2 protein chains.
Amino acid sequence: MVPLIPVSVDLVVLTVRGQALSALVWRRDNPPYEGHWALSGGFIQLDEDLPAAAARVLAERAGLPGAPVHLEQLQTYGYPDRDPRRRVLSVAYLGLAPDLPASTEAHMSWQPVEELTAMAFDHRRIMMDGVERARSKLEYTSLGAAFCPPEFTVAELRRVYEIVWGRLLDPRNFHRKVTNAEGFLIPTGRTTTRDGGRPAKLYRRGPAENLHPPMLRPRD
Amino acid sequence: MVPLIPVSVDLVVLTVRGQALSALVWRRDNPPYEGHWALSGGFIQLDEDLPAAAARVLAERAGLPGAPVHLEQLQTYGYPDRDPRRRVLSVAYLGLAPDLPASTEAHMSWQPVEELTAMAFDHRRIMMDGVERARSKLEYTSLGAAFCPPEFTVAELRRVYEIVWGRLLDPRNFHRKVTNAEGFLIPTGRTTTRDGGRPAKLYRRGPAENLHPPMLRPRD
DNA sequence: CCAAAAGTGTTTGGCGTACACCCATGG
DNA sequence: CCATGGGTGTACGCCAAACACTTTTGG
């Protein structure tokens with residue numbers, strides 16, 4: 001009477017490493033889509049909440065147990081022929097991570113988003129939806145810091161914005177904006193010269209979730 | 001091996017009628033939650049796409065076949081005890097509708113959002129998520145016009161914004177903003193005096209999806 | 001001393017708000 | 001002629017872009 005459907009959770013885990021926005025993927029070694037890149041995913045269990053399933057997939061399939069990854073629901077994909085074998089409904093989650101080493105045991109690797117053209121199933125579309133969500137999240141939330149290590153400089157945070165948005169920002173205006181935004185950055189008192197030049201102050205993530213006013217990205 | 005789960009599509013259909021933002025609901029006449037208000041919903045079929053399922057529920061269960069309702073995916077709700085009888089995953093859709101008569105045949109009615117305090121399952125939370133989505137959609141898209149009839153005046157559109165946001169707006173600045181926004185409103189050449197006073201120009205929805213610049217709601 | 005990067009001060013222009021004012025109808 | 005709502009002009013203030021300038025390190 002009531003149709004029953006397998007439901008998977010698929011993760012679009014993004015990070016900023018080197019000069020590229022990158023996604024956590026693995027190379028399929030079996031049909032269908034053998035040799036194509038795929039997102040990590042898994043079927044949800046009968047007694048399992050959706051956020052719990054996403055956290056389990058992050059730990060077990062993506063090989064990042066306990067990592068400080070911000071996870072949020074992205075969208076649900078359900079057209080019947082997504083998977084050629086059988087119908088699968090997929091609840092996609094977006095994860096924002098600092099530059100952690102990818103798990104070799106789980107056969108995962110970071111690949112620049114721009115180079116991931118041949119992906120399995122509809123994973124390319126899901127990933128690009130996640131990228132667009134991440135880009136707009138940087139505008140009106142403080143989640144840019146989720147891409148950074150626990151302590152970071154304003155310049156490192158600016159490089160995150162520049163790479164995710166794909167545009168250069170004025171260092172001086174950026175500095176003023178983020179340091180003036182209430183609850184965005186907490187000074188640690190320490191400094192670093194790891195980027196050369198005058199020592200830069202180190203900050204931690206502040207408690208603010210939303211930015212007032214937002215950091216609107218330049219549009220041309 | 002792979003857990004199979006029933007998946008429903010639930011609709012948060014909103015409109016502006018009278019002086020209140022209202023949702024399309026029905027009163028349950030069977031346990032569980034007998035007598036409580038509920039959103040319209042239905043199980044998705046095995047060969048059915050998610051948008052198709054939402055359109056079918058809108059036509060068959062909500063009693064609005066063919067109505068000009070803007071439908072978009074809202075979020076997916078999946079904690080196991082949402083429904084006390086059995087686990088059901090629910091993909092919620094948000095619908096923005098003009099002030100249409102509710103179908104008596106489908107036992108649906110419009111109820112002001114503020115008065116819908118006792119709702120079945122987690123429908124109150126789903127509805128409020130939809131309300132918040134609608135509020136922010138008015139800021140950066142042209143979807144405010146989805147609440148209006150095919151031809152409407154600037155003042156009628158302004159009242160939509162005022163009721164959805166729950167705040168009064170300056171009529172003169174609002175007029176300038178929406179008429180200057182590229183592709184938002186198309187003049188029909190006709191006028192009306194149905195609101196009294198000087199005749200107001202009538203407009204149709206323009207092709208623009210996104211507003212540049214956005215209509216930021218006042219925050220205090 | 002010089003290069004490099006952090007951080008500050010100042011100018012300027014665009015945009016949003018507030019509000020005075022005029023326009024076009026019904027009664 | 002007045003009430004009512006539609007629509008326009010304008011001054012002011014804030015904020016963000018642009019950029020000159022100072023500070024503090026390494027070599």
Side-chain angles (χ1 to χ4, degrees), chain A residues 19 138-140 144-145 148-149 151-163 165 167-182 184-204 210-220, chain B residues 19 138-140 144-145 148-149 151-163 165 167-182 184-204 210-220:
Chain A
Q19 294 304 308
L138 290 206
E139 292 193 290
Y140 56 91
C148 294
E151 295 202 354
F152 53 92
T153 68
V154 172
E156 287 162 354
L157 181 63
R158 174 169 50 83
R159 262 161 234 140
V160 163
Y161 273 79
E162 289 178 338
I163 289 166
W165 285 349
R167 2 195 2 139
L168 295 177
L169 303 174
D170 184 298
R172 297 150 302 192
N173 293 330
F174 183 87
H175 186 277
R176 187 176 10 229
K177 272 201 245 186
V178 296
T179 52
N180 285 349
E182 186 83 16
F184 193 175
L185 300 180
I186 297 176
T188 65
R190 281 185 287 283
T191 60
T192 182
T193 58
R194 61 189 175 213
D195 295 325
R198 172 174 168 178
K201 292 175 186 155
L202 285 165
Y203 296 89
R204 288 185 292 108
N210 298 309
L211 291 186
H212 298 296
M215 292 265 309
L216 297 178
R217 67 182 128 165
R219 327 220 180 215
D220 301 345
Chain B
Q19 294 303 309
L138 291 207
E139 293 193 289
Y140 57 91
C148 296
E151 295 202 354
F152 53 91
T153 68
V154 172
E156 287 162 354
L157 181 63
R158 174 169 51 83
R159 281 187 271 277
V160 164
Y161 274 78
E162 289 178 338
I163 289 166
W165 285 349
R167 3 197 1 143
L168 295 177
L169 304 174
D170 186 298
R172 299 153 296 192
N173 294 331
F174 183 87
H175 186 277
R176 189 177 4 229
K177 273 199 243 186
V178 298
T179 53
N180 286 349
E182 187 83 15
F184 194 175
L185 300 180
I186 297 175
T188 65
R190 281 185 288 282
T191 60
T192 182
T193 58
R194 60 189 175 213
D195 295 325
R198 171 175 167 179
K201 291 175 187 159
L202 285 165
Y203 296 88
R204 288 185 291 108
N210 298 309
L211 292 186
H212 298 296
M215 292 266 308
L216 297 178
R217 66 182 128 162
R219 327 219 178 214
D220 299 346

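Hydrogens, waters and symmetry mates are skipped; everything else that's a heavy atom, side chains included, is used. We name chains A, B, ... by the order of the sequence lines, and we start the count at 1 in each one. Just so it is clear, the model here is predicted, and its values are computed rather than measured.
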Name all residues meeting the side-chain hydrogen bond (donor to acceptor under 3.5 Å, both in side chains) criterion together with [X]; count only those two or more places apart in sequence or in a different chain, and write none if there are none.
{"X": "B:Arg204", "result": "none"}
{"X": "A:Arg198", "result": "none"}
{"X": "A:Asp195", "result": "none"}
{"X": "A:Arg159", "result": "none"}

Practice item. Under 4.0 Å between any heavy atoms, over every strand shown, what does B:Arg158 touch: base, sugar-phosphate, or nothing? Just pick one. Key: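 Counting heavy atoms under 4.0 Å across all strands, the contact made by B:Arg158 is with sugar-phosphate only.
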Review point. Would you say the side chain of B:Trp165 lies within less than 4.5 Å of the side chain of B:Val160, judging by non-hydrogen atoms?
Key: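 No; the side chains remain at least 4.5 Å from each other.
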Review point. What residues form a salt bridge (charged side-chain N to carboxylate O under 4.0 Å, His left out) with A:Glu139, not counting sequence neighbours?
Key: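 Scan of A:Glu139 (salt bridge (charged side-chain N to carboxylate O under 4.0 Å, His left out), adjacent residues dropped) gives A:Arg217, A:Arg219.
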Euclidean distance, atom [atom1] of residue [X] to atom [atom2] of [N] [Å, nearest integer]:
{"X": "B:Lys201", "N": "D:dG7", "atom1": "NZ", "atom2": "C1'", "answer": "8 Å"}
{"X": "A:Leu216", "N": "C:dC15", "atom1": "CG", "atom2": "C1'", "answer": "13 Å"}
{"X": "B:Leu211", "N": "C:dG16", "atom1": "CG", "atom2": "P", "answer": "12 Å"}
{"X": "A:Arg194", "N": "C:dA6", "atom1": "CZ", "atom2": "C1'", "answer": "14 Å"}
{"X": "B:Arg217", "N": "C:dG16", "atom1": "CZ", "atom2": "C1'", "answer": "18 Å"}
{"X": "B:Leu169", "N": "D:dG5", "atom1": "CG", "atom2": "P", "answer": "17 Å"}
{"X": "B:Arg190", "N": "D:dG6", "atom1": "CZ", "atom2": "P", "answer": "19 Å"}
{"X": "B:Leu168", "N": "C:dT17", "atom1": "CG", "atom2": "P", "answer": "14 Å"}

Review point. Would you call B:Glu162-B:Arg167 a salt bridge at under 4.0 Å N-O?
Key: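 Looking at B:Glu162 and B:Arg167, the cut-off is not met.
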Side chain to side chain contact (heavy atoms under 4.5 Å, CB included) partners of [X], counting only residues at least two apart:
{"X": "A:Arg172", "value": "A:Asp170"}
{"X": "B:Ile163", "value": "B:Val16, B:Gln19, B:Leu21"}
{"X": "A:Thr192", "value": "A:Thr153, A:Arg194, A:Leu202"}

Review point. Hey, what bend do you get for the helix from C:dC1-D:dG27 to C:dG27-D:dC1 if you fit axes on five pairs at each end, rounded to 10°?
Key: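 The end axes of the helix from C:dC1-D:dG27 to C:dG27-D:dC1 are about 10° apart, to the nearest 10°.
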Check your understanding: In residues 170-179 of chain A, what residues come within less than 4.0 Å of DNA chain D, judged by heavy atoms?
Key ->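 Heavy-atom cutoff 4.0 Å gives A:Asp170, A:Arg172, A:Asn173, A:Arg176, A:Lys177.
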Under 3.5 Å between N/O atoms: give me all the protein pairs with nucleotides 24-27 of chain C, atom names plus distance.
none

Review point. Among all residues two or more places apart in sequence or in another chain, which pass the ring-ring contact (aromatic ring centres under 6.0 Å, His included) test with B:Phe174?
Key: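 Applying ring-ring contact (aromatic ring centres under 6.0 Å, His included) to B:Phe174 gives B:Tyr161.
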